[in-house]
Amino acid sequence: MQLDPVILFFVLGFGAGLLRAEMRLPSAVYELLTVILLLSIGLKGGVELAEADLLQILPRLGTVLIMGIVLGLLAFGLLRLSRALPRSDAAAIAAHYGSVSVGTYAVAVAFLDTVGVAYEAYSAAFVVVLEVPAILLGIILVRGLRPQNGWSDVLHEVFLGKGVVLLLGGLFIGLLVGRQGISDLEPLFIDAFKGFLALFLLEMGLVAASQSGAIRRHGTFLLLFALGFPLLGAVVGAVFAWLMAMSLGGALLMAVLGASASYIAAPAAMRLSVPEANPGLSLTASLAITFPFNVLVGVPLYYAVLSAVYPGAGG
Amino acid sequence: MQLDPVILFFVLGFGAGLLRAEMRLPSAVYELLTVILLLSIGLKGGVELAEADLLQILPRLGTVLIMGIVLGLLAFGLLRLSRALPRSDAAAIAAHYGSVSVGTYAVAVAFLDTVGVAYEAYSAAFVVVLEVPAILLGIILVRGLRPQNGWSDVLHEVFLGKGVVLLLGGLFIGLLVGRQGISDLEPLFIDAFKGFLALFLLEMGLVAASQSGAIRRHGTFLLLFALGFPLLGAVVGAVFAWLMAMSLGGALLMAVLGASASYIAAPAAMRLSVPEANPGLSLTASLAITFPFNVLVGVPLYYAVLSAVYPGAGG
Amino acid sequence: MQLDPVILFFVLGFGAGLLRAEMRLPSAVYELLTVILLLSIGLKGGVELAEADLLQILPRLGTVLIMGIVLGLLAFGLLRLSRALPRSDAAAIAAHYGSVSVGTYAVAVAFLDTVGVAYEAYSAAFVVVLEVPAILLGIILVRGLRPQNGWSDVLHEVFLGKGVVLLLGGLFIGLLVGRQGISDLEPLFIDAFKGFLALFLLEMGLVAASQSGAIRRHGTFLLLFALGFPLLGAVVGAVFAWLMAMSLGGALLMAVLGASASYIAAPAAMRLSVPEANPGLSLTASLAITFPFNVLVGVPLYYAVLSAVYPGAGG
Amino acid sequence: MNRKLLTVITEQALERQLIRCVMEAGARGYTITEARGQGQRGLRSADFETGCNIRLEVICEETVARQISTRLHRDYFQDFAMVLYLEDVEVLRPEKFDASGHQ
Amino acid sequence: MNRKLLTVITEQALERQLIRCVMEAGARGYTITEARGQGQRGLRSADFETGCNIRLEVICEETVARQISTRLHRDYFQDFAMVLYLEDVEVLRPEKFDASGHQ
Amino acid sequence: MNRKLLTVITEQALERQLIRCVMEAGARGYTITEARGQGQRGLRSADFETGCNIRLEVICEETVARQISTRLHRDYFQDFAMVLYLEDVEVLRPEKFDASGHQ
Ligand SMILES: Nc1ncnc2c1ncn2[C@@H]1O[C@H](COP(=O)(O)O)[C@@H](O)[C@H]1O
Ligand SMILES: Nc1ncnc2c1ncn2[C@@H]1O[C@H](COP(=O)(O)O)[C@@H](O)[C@H]1O
Ligand SMILES: Nc1ncnc2c1ncn2[C@@H]1O[C@H](COP(=O)(O)O)[C@@H](O)[C@H]1O
Ligand code: NA
Ligand code: NA
Ligand code: NA
């Protein structure tokens, strides 16, 4: 199969980072890339929503919400069973893994475009839905219904973070103006998507490498969890996709949503609400282990397996 | 009529801003967007200038200069008559409203492209001309011919601000190399124009929302002026367009130039030259009231009216 | 001949800079542009490498390495003969002129695209090779084999600077995925290349202008050297191109590599390793004199001469 | 003429809470600059997703400074990266920095 | 060995004037960092078009510091957001910071 | 309760070396902000390719501060743009800043 160049950008960044090359993109550039990717995914999803049957999709959002809680509880349960971590750390990690990584989702979308497999682009709406429940769950698991600094800051962080607002905004704009309406926006948001994704992954590689020193510090248990849970999460995601009768492409996206862990919304929210949890632990797991794993191994692996076993995949 | 998605980006930004979502673009990104928009508008204008009769256009620049002074004096007169504001504040606001907003001009250009109406793209030169006279007028109205910190800093700020230099630079480059010559620059400066404008308006929506708290503080008089003066300014602009025998599209651009208020060059210049004027007042008016009004209501409104009444509009 | 608009952007920046217009791009934007240009040049080169005979090219890299040392020694010899500068300053300047400027290389590539002359795009690999030897030579000429702060920081700076890593990374990615593979990256990295180059040159014009005050301070000797050495370097580059039997386009690129002076890798490395050398001296020469000279005069001049005399140029 | 200058270096994530605490204690203003650094809780910079620091300065009366510093110790020292120090400074319009000051 | 450290926090728009004032008063240098903050004139940050602040530091002799602070008060305190404070600092090569110093 | 605050303003290029020097002298942390400015070695800002400055602060015991300042003088004062000054500050958990401190 053809090598996807965006993945090589991640490898480049990761390698450069390990060698301590001085080339982190300025944070302003990273933010610009994030904004463009979020809007781009949102717009594409919205255009598809405009052409889909909304009444059919709405109940699926509820199903996906349940998936977020299932994933969070699964992660928390496994971590507590292992007795390796205090309650607060287990809850914080559960919040990360029940939530999702938009970057990984973008890689899966690029993968499907490259191999030429159709998918339900409106799944962008699922990304939005999944941003929320696991984070709230994580907080409740530690604080009950009274987080450290009150709910208002937390809810603000979760619902009004860049991720939710831009994805949702893109979805609505795409939904309102339709495929024809966004045609003037395509050069920047659609045609250049893979180029921006390449730059984003270059940066993410550098970031992941800068965290990788922490892996050793946090021990093999974390490593095992951060490599093992994605596999479980992918299965959960694929099962939910099957429950919702999605296509093979859609099933890959759902698997990736299940397998990926948040490294933007969750860290910020957990830092404020469960400050006694060690932020290094959950960030190392999601950013330095799970993200690279999914990008390099997970996406093609899940696809290979799904091609073979997913109902109707012709495998 | 088809909804223009760039406007929806403004709405998204404004809404997110009101909800205090944490997503302001870094200032570096905002500056990059400004630079690209200014150059893009300048280049397009220059290419048209290259194909137009320069001898016919030069006297029009003089006419437009007069329009800037007329608008500034009108605004100052109205504000002084109302007795609501001290002389310095009236002059500062007059400087803003006699000058123009490049962002609003870009929205009008995008609007005309969307509805498919031709326009004199060389009007970009008018934007440059209008940047200057009202600001100088505003200073003279307070200081006479001796501004607070001497003329040199002010003239520097006015003539060598980003706006004038980049617009003028783009115009000259477009004029020198012509349509054929800029073809390699088109992917970035022309094709992606609307995408960049969308990001710019997203940011402007956030900025406008962040200022909107100030509206209440400054009272209804300011609100009335900032909503009413654009209507007057649009009429003035349209009349000048008619005097210069411009097309319907050109008349819309002139109306928008008349209706819009500066929020970049004017604030910086007035802050230094008339520091006793309250900068919150003029910025709230131009940025939090007039800009959103023009983008959301003004542009289509002026166009609807002009379609009906402008000579030769076939209305 | 058709004026190349990217050169006019440099002129615009330079003029605006001389007038002290307030419009430097934020450093984050400058870094983004650098990253995109480096990757773009690398990718194009890599794609060509994928289609070329690697066994034929590898020995050429060695030849180019020798060229870097020849240029460095030439510059050092001339400067020492003149007795105008202490050893440390001569060595620092030699390091700059034996090394190369990627920006100038990009201008030459754009020039060849505009005039429609073919060239060996894999020359991007030569840029990487030339980044290194002259800098190490410069250090050794002053410190012998014991630089001020040890070799490790210096080697890190030289081999793991943005320039080498991104060019090399782009080359490898292009080489691995080939022309077909990078097609999705083209909108950002290939189609928009000239637009980004225009913005980059705008900024470089501003930077060069901001340094130009220093020219007077450093006297006419520096001016003469910074204008004269590029001519010599261009001849050296062309001779090496001829030795390697390159095309006319390739010969121009080699001439430009010979004529240009580093203003990124070399300054940083020399500052740490030969701190007693005056950084103003070498930066003024390379950035404020040689770079503008090459961009405005050198590239077309070298091309005109090569068209007339280069074997097989049909001149 | 003398007031206290209190400087707090801490995680960016706390900015909102910090400002609330400072203003509630009666300070009349504050200044923030972006910073990075290292301390007991390791390296903190934009290069690490643990994020940057902020450096907050407050000029105020000694009692206000003590109150802020007590509250910060109580609420954040255990779980957050935080450093805090006090200096004497001379200001020209001291009333501008007083909890009871008239503008 | 002792000199004064004068810190001025004010609107970015004044940078050019501020530097002129500092150098004319006889200071040998200055350092500027970007800042944001809040005071009598409200919130000042990049998020608001009123713009950011700058934080300027000058190490100099006491007389120079007094002169700068007097001029800033006279010219800018009424119309601009501005805060200004003085501290004692110990420097190692005091002549580097003196109006009459030889380089 | 009293410690020294040492501030160093110098070229960005020296950051790595500076941090090494500070930590080797026994400091327990440091804080860096980006700065620009002017001094004997001319204007230093992002606008000039000579580059920006950094402003490094270390809270530490007096002996550590003296040691850092001596080493910086010896190694860098001659060839690099550098300014350095010392102040007294009051900290709340002094052991957090001591070379011999227990975390
Ligand atoms: N000794 C010190 N001197 C100056 N800054 C310090 C020092 N220790 C810590 N800091 C700063 O305070 C932040 C939090 O410190 P800590 O809580 O010790 O991790 C660090 O990231 C540094 O920016
Ligand atoms: N009490 C204070 N402590 C620290 N910084 C202050 C204080 N008051 C004002 N500032 C800073 O000085 C700037 C101007 O203050 P003002 O003139 O009071 O609006 C503010 O934007 C803050 O950055
Ligand atoms: N008198 C001063 N007050 C404040 N900062 C200074 C002073 N002199 C120099 N600096 C800062 O220290 C840096 C290096 O100074 P120098 O070594 O004198 O060039 C300058 O770029 C300024 O940022
Ligand atoms: Na997940
Ligand atoms: Na107007
Ligand atoms: Na060279």
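Below, chain A is the first sequence line, B the second, and so on; all start at residue 1.
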Please tabulate, one pair per line, all N/O donor-acceptor pairs under 3.5 Å involving side-chain atoms of residues 120-131 of chain A, not counting sequence neighbours.
unit_1  : atom_1 : unit_2  : atom_2 : d
E120(A) : OE1    : S247(A) : OG     : 2.9
E120(A) : OE1    : G250(A) : N      : 3.3
E120(A) : OE2    : S247(A) : N      : 2.9
E120(A) : OE2    : S247(A) : OG     : 3.3
Y122(A) : OH     : R60(A)  : NH1    : 2.6
S123(A) : OG     : E120(A) : O      : 2.6

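At a 4.5 Å heavy-atom cutoff, L197(B) makes no contact with chain A through either its backbone or its side chain. At a 4.5 Å heavy-atom cutoff, the contact between V165(A) and chain B is made by backbone and side-chain atoms alike. For chain A, the nearby part of L12(B) is the side chain; its heavy atoms alone come within less than 4.5 Å. For F196(B), the parts lying under 4.5 angstrom from a heavy atom of chain A are both the backbone and the side chain. Looking at L168(A), neither its backbone nor its side chain comes within 4.5 Å of chain B, counting heavy atoms on both sides.
Shown here for G195(B) and L188(A), the closest heavy-atom pair between the two residues is C-CD2, 3.4 Å. The two residues A28(A) and A28(B) come nearest to each other via the heavy atoms CB-CB, 3.9 Å. The shortest heavy-atom contact between G181(A) and P5(B) is O-CG, 3.3 Å.
At least one side-chain heavy atom of V6(B) sits less than 4.5 Å from a side-chain heavy atom of L185(A).
To the nearest 0.5 Å, the span separating CG on L166(A) from CE on M23(B) amounts to 4.0 Å. Here the CG-CZ distance, from L8(B) to F172(A), works out to 11.5 Å after rounding to the nearest 0.5 Å. Considering CG of L199(B) and CG of L32(A), their distance stands at 7.0 Å, rounded to 0.5 Å.
Considering only heavy-atom pairs separated by less than 4.5 Å from chain B, the leading option among D191(A), D184(A), L39(A) is D184(A). Ranked by non-hydrogen atom pairs under 4.5 Å with chain B, the options G161(A), S27(A), P187(A), G170(A) are led by P187(A). Comparing L160(A), I182(A), V164(A) by heavy-atom pairs within less than 4.5 Å of chain B, the highest count is held by L160(A).
Under the rule for a salt bridge (charged side-chain N to carboxylate O under 4.0 Å, His left out), the partners of E31(A) that lie at least two apart in sequence or sit in another chain are K162(A).
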